[in-house]
Amino acid sequence: MLLREGEARTFVMDRRLGCSLAAVAGAVNAAGFLAVGYYSANMTGNLSRLSMDLRAVDLSSAVACLGLITAFVAGAVLSAFLVNAGRRHGRPAIYAYSILLEALLLALLGALDIALRVGPREPVLAYGLSFLMGLQNATVTRISGARVRTTHMTGMLTDFGIELADWLDAVRRPGDPGRMVQVRERLALHGGIVLSFACGGVGGALAYGWWRAGALLGLAPILVWLALPGAVAGLRGRLSGSTPPGPVA
C-alpha cells in the first residue's frame, strides 16, 4: 500500500490505505478532543474558530487555534520534505517511513500524556496531534496523487456527493459500462473513507474513555502494522540494489 504512487496505484491500494488511515485519524481526532478539547484534524473548524476569536478579541484562544493550524501545516511541510528527498534518492519506501515516523511520534505523545499530568500536557498533545495529522494527510495526498485524504472529510463528503449524483445519473441513463465501474469505485473509495473516519472516531472516543492515554499508545502499533511491509520491502530492495517489483503492499 505504501510503495506505489500516483497512476501506478490500484483502486484496492487506495481504498485499503485510505480507509485504514482514516480510521486512525478519526480515533486520534476524537481521543485528542477528549484529552485537550481541540480537534487535531479539523482545520476548517479551527480556522473558523480563529476568526471568531479574533472578532471577540479572545487572544488566548486565537493563539491556541493559530498554533494548531501552524502545527498541522508544519507536519505537511515535513512530509513533503521527506517525500521529495525520497524521490531524489530513489527511495519508494519513503511513504512507509513517514507513517512509521508518525507511529513513533504518536507513541511518544501517548507516553507524554501519561507522564505529564499538569503543566505543558495540553499544548504538547494538542499541537503534537495536529502535527501528526498534517504529516499523515500530506503523505497520503502525495502517494495517491490527491485522490485520497484521510483527515479532510469536507473534501471527501463533497467528492462522495458528486459521485453519488454521477452514479444516479448513470443508473437513469445507462451508457459506457467502463465509466459506470469507475463511478462505483470512486463512490466506494470516498464513502469508505468517510465511514472509516466516523467509526474510528467512535472507537477512539470509547478507547480514551476506557484507557485514557493508553488509547494513543494503542494506535501506534496499528500504524506500524500498516507501514512495516512497505518499509521492509523497501529495505530489501535497497540491499538487493533494485526496486521491489509489482504491487507490493
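Every heavy atom of this structure was used, including side-chain atoms; hydrogens, water molecules and symmetry mates were not.
- In this structure, Phe72 places its CZ atom where more than 12 heavy-atom neighbours from other residues, nucleotides or ligands lie under 6.0 Å away.
- Put simply, Leu47 and Leu66 are part of the same group of oily side chains (I, L, V, M, F, W, Y) that touch within less than 4.5 Å, one to the next.
- From Leu109, atom CG reaches atom CD1 of Ile114 across 11.5 Å, with rounding to the nearest 0.5 Å.
- Here CG of Leu217 is found 8.5 Å from CG of Asp113. Values are rounded to the nearest 0.5 Å.
- Residues Arg149 and Val140 are not in side-chain contact: their nearest non-hydrogen atoms beyond the backbone lie 4.5 Å or more apart.
- At a cut-off of 3.5 Å, with distance as the only test, no side-chain donor of Asn42 or Thr44 sits close to an acceptor on the other residue.
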Quick one: do Leu106 and Leu129 satisfy side-chain contact (heavy atoms from CB on, under 4.5 Å)? Show the steps, please.
CA-CA 8 Å; Leu106 184 58; Leu129 292 176; 3.8 Å; yes
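- The minimum heavy-atom distance between Ala80 and Arg142, with the atom names listed, is CB-NH1, 3.7 Å.
- Between the side chains of Asn29 and Tyr38, no donor-acceptor pair of N or O atoms lies under 3.5 Å.
- Contact check for Met180 versus Trp167: side-chain heavy atoms found under the 4.5 Å cut-off.
- Side-chain contact between Leu17 and Ser144 is absent, with no heavy atoms from C-beta onward closer than 4.5 Å.
- Closest approach of Ala205 to Ala30, counting heavy atoms only: N-CB, 3.9 Å.
- Looking only at distances, no side-chain donor or acceptor of Ser79 sits under 3.5 Å from a matching main-chain atom of Gly75.
- Applying the 6.0 Å contact sphere to CZ of Arg16 captures no more than 12 heavy atoms from other residues, nucleotides or ligands.
- To the nearest 0.5 Å, the span separating CG on Leu54 from CZ on Arg49 amounts to 12.0 Å.
- Asp169 meets the salt bridge (charged side-chain N to carboxylate O under 4.0 Å, His left out) test with Arg173; sequence neighbours excluded.
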Take Arg186 and Asp159 through the test side-chain contact (heavy atoms from CB on, under 4.5 Å) and record every step on the way to the result.
CA-CA 8 Å; Arg186 292 197 299 267; Asp159 290 341; over 6 Å; no
Which is it for Leu223 and Leu100 under the side-chain contact (heavy atoms from CB on, under 4.5 Å) test, yes or no, and what are the steps along the way?
CA-CA 7 Å; Leu223 292 172; Leu100 285 176; over 6 Å; no
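- A pairwise comparison of heavy atoms in Gly204 and Ala31 identifies O-CB, 4.1 Å as the closest pair.
- Among all heavy-atom pairs drawn from Val148 and Gly18, the shortest one is CG1-CA, 3.7 Å.
- Taking CZ of Arg15 as the start and OG of Ser20 as the end, the distance is 10.5 Å to the nearest 0.5 Å.
- Within the 4.5 Å cutoff, the side chain of Ile99 has no heavy atoms near those of the Val224 side chain.
- Side-chain atoms of Leu189 and Ile193, non-hydrogen and from C-beta on, do get closer than 4.5 Å to each other.
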Quick one: do Cys65 and Asp53 satisfy side-chain contact (heavy atoms from CB on, under 4.5 Å)? Show the steps, please.
CA-CA 9 Å; Cys65 289; Asp53 289 338; 3.8 Å; yes
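- Residues Leu50 and Leu59 fall into different hydrophobic clusters, defined by Ile, Leu, Val, Met, Phe, Trp and Tyr side chains chained together at heavy-atom separations under 4.5 Å.
- Among all heavy-atom pairs drawn from Asn137 and Thr150, the shortest one is OD1-N, 3.0 Å.
- The two residues Phe11 and Glu185 make their nearest non-hydrogen contact at CE1-O, 2.9 Å.
- Between the OG atom in Ser48 and the CE atom in Met43 there is a gap of 11.5 Å [rounded to 0.5 Å].
- Every pair passing side chain to side chain donor-acceptor pair (under 3.5 Å) that includes a residue from residues 91-104 is listed here, sequence neighbours excluded: Glu5-Tyr95, Arg87-Tyr95, Glu102-Gln136.
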